[in-house]
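Step one of this worksheet: look at the structure below.
In this text the structure is predicted, and so the values were computed from the model without any measurement. Below, chains carry the letters A, B, ... as their sequence lines are ordered, and counting in each starts from 1.
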2 protein chains.
Amino acid sequence: MPEPIGFIGLGHMGLPMAQRLQSAGFPLRVYNRSPEKAKPLVEKGATLVKSPPEVATAGGIVITMLADDKALEGVATDELAKALGPGGVHASMSTVSPATNAKLAEQFARHGAAVVAAPVFGRPEAAGTGKLWICTSGPQSPKQRVKPVLDVLGQGVFDFGENVGSANVVKLAGNFMLTAAVETMAEASVLAEKNGIPREALLKMLTQTLFNCQVYNGYSARIIAADFDKVGFALPLALKDMTLARQTATDTYAPMPYLSILCDRYVSAIAKGRSKSDAAALALGAADDAGLKW
Amino acid sequence: MPEPIGFIGLGHMGLPMAQRLQSAGFPLRVYNRSPEKAKPLVEKGATLVKSPPEVATAGGIVITMLADDKALEGVATDELAKALGPGGVHASMSTVSPATNAKLAEQFARHGAAVVAAPVFGRPEAAGTGKLWICTSGPQSPKQRVKPVLDVLGQGVFDFGENVGSANVVKLAGNFMLTAAVETMAEASVLAEKNGIPREALLKMLTQTLFNCQVYNGYSARIIAADFDKVGFALPLALKDMTLARQTATDTYAPMPYLSILCDRYVSAIAKGRSKSDAAALALGAADDAGLKW
């Protein structure tokens, strides 16, 4: 029988990931700030606990999947580290700053436990079907320990070495690239439409040819349909990611003009009341600026 | 026997395209400013003429494939239009401004000839093997007339209606998107490297997963290898394209902040002596700014 897994954070991404693990036979001990979210898991045998440290078994594995650095720091406390103890592994799967995971790694080490960064690419549908792409970094032996668990969640695991923050840098760089692709498609669409060409004709041609890949196919469909209500990647979380990328870039002296524009686009999107939209509503910024209504 | 084709412009793209047509059995009448470029075609039976209008046969098809608007206007004269005459079609395949093709269409119409815009996506290798992607626009009947010729050159032809400049807008928007992808990958690479992660690890992961398409695969390989000497798309031509896109965007009131950054990157690349490089050397701008040597 697979070993029990502690799971903290049952949001858009966390719940389908936990369900995937449960379907694969892992006994789960789960915690969520709003406990009612755990219902579908509890109905199938998961144990719902009342505080984050209680998900841990001594020397076991705990996965966290939370919205941001603050939420992660709120649960990844000394008490959790102590409950995991020697040999325990905290797989930190949220999109957070590399600095936060580095700090947690030091904190957990004081109790003999390890932190493995394992952020993911993919929307909730991918999380529920084991189709995530997972990036890992951290000490070798704990990484090998959690690998079979990650293999259930992802269709591929890419390792970025022993420095625990590295996978988070890759995740931030990847999210920068995918939101930059949205801005790029939006600007190209605006150029086309101001010249009498429907954005659908432009984007369909380009995504059938030079840009025939997941990011361009997925986001072009949303831009064409101006469909930003179904939230896979919440817009305020995209602002959070861009802000983390911006801070990481500043801390390491990496000028990124495209990233700067994205930060302002997301700030503007929230200023305009789009905080309930999908991150792809970024595209509306270019349309607004050109006097277009999408 | 297929009808004879007039072909003007035997550069990086034009020569392999003409060779492709010749291999498919089209008799060619060719003109190039430097006549020695025509040698491989003449050896296989093409007729080399001494002035652009001489490529035309009355009521026939002439293809132009030139570096820029000025070069096109230099050959697409009243004399050429007159030599084509009623029923003649000028397939204007260069990457030029929509305004230039619109002006040529009026000029050729005065002599009974039509202009079809048919710009292409693809590097010289694609041009020689019939793997281009071709966008067309212009009057319907001349478009149908040149379609069998374009089918020899391309693996797909996408039509954008009767407005002759539309295909050129699509071409400029597409070139903007592909150079924006280079800038995006360069900035992401800089973020990774300033945080101790080789750009190869980052870009290989992302192009195997979310960005597994022609543009990202091709340009990421060049960025990883810092290989900008083999020129498929000459850097000054990329500046020309971005400048045309910028002018078209300004003329039609389409603000494009990503495009503005690209224009400055290319201007800077030439200021730094990179005019003999491939357009992908754009990526060096982000590396330079971060104090990295690629």
Item to check | Test side-chain contact (heavy atoms from CB on, under 4.5 Å) applied to Phe158(A) and Lys204(B), step by step | outcome: CA-CA 10 Å; Phe158(A) 294 79; Lys204(B) 284 204 167 162; over 6 Å; no
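In terms of heavy-atom pairs under 4.5 Å with chain A, the best-connected choice from Asp159(B), Leu259(B), Asn212(B) is Asn212(B). Note: Ile261(B) leads Asn163(B), Asn217(B), Ile261(B) in heavy-atom pairs under 4.5 Å with chain A. Counting heavy-atom pairs closer than 4.5 Å to chain B, the top-ranked of the candidates Thr207(A), Thr248(A), Leu172(A), Asp251(A) is Thr248(A). Note on Ser166(B), Pro257(B), Ala201(B): by heavy-atom pairs under 4.5 Å with chain A, the leading option is Pro257(B).
Both the backbone and the side chain of Leu191(B) come within less than 4.5 Å of a heavy atom of chain A. Of the two parts of Tyr253(B), the backbone and the side chain both hold a non-hydrogen atom closer than 4.5 Å to a non-hydrogen atom of chain A. For chain A, no part of Leu292(B) is nearby; none of its heavy atoms comes within less than 4.5 Å. Within the 4.5 angstrom heavy-atom criterion, only side-chain atoms of Arg265(B), from C-beta onward, approach chain A. Proximity to chain A (any heavy atom under 4.5 Å) is shown, for Leu210(B), by both the backbone and the side chain. At a 4.5 Å heavy-atom cutoff, the contact between Tyr258(B) and chain A is made by backbone and side-chain atoms alike. Residue Ile197(A) touches chain B through its side chain alone, counting heavy-atom pairs closer than 4.5 Å. Of the two parts of Phe211(B), the backbone and the side chain both hold a non-hydrogen atom closer than 4.5 Å to a non-hydrogen atom of chain A. With a 4.5 Å cut-off on non-hydrogen atoms, Leu206(A) touches chain B through its side chain but not through its backbone.
Across every non-hydrogen atom of Leu202(A) and Ala173(B), the tightest pair is CD1-CB, 3.8 Å. Cys213(A) and Cys213(B) make their closest contact through SG-SG, 3.0 Å (heavy atoms, listed as atom of the first residue, atom of the second, distance).
Atom OG1 in Thr209(A) sits 7.5 Å away from atom CD in Gln214(B) (nearest 0.5 Å).
Annotation: side chain of Val215(A) is not in contact with side chain of Tyr216(B) (no heavy-atom distance under 4.5 Å). In this structure the side chain of Trp133(B) reaches within 4.5 angstrom of the side chain of Met205(A), judged on heavy atoms.
The only option from Met256(B), Met177(B), Glu183(B) that meets the side-chain contact (heavy atoms from CB on, under 4.5 Å) definition with Thr184(A) turns out to be Met177(B).
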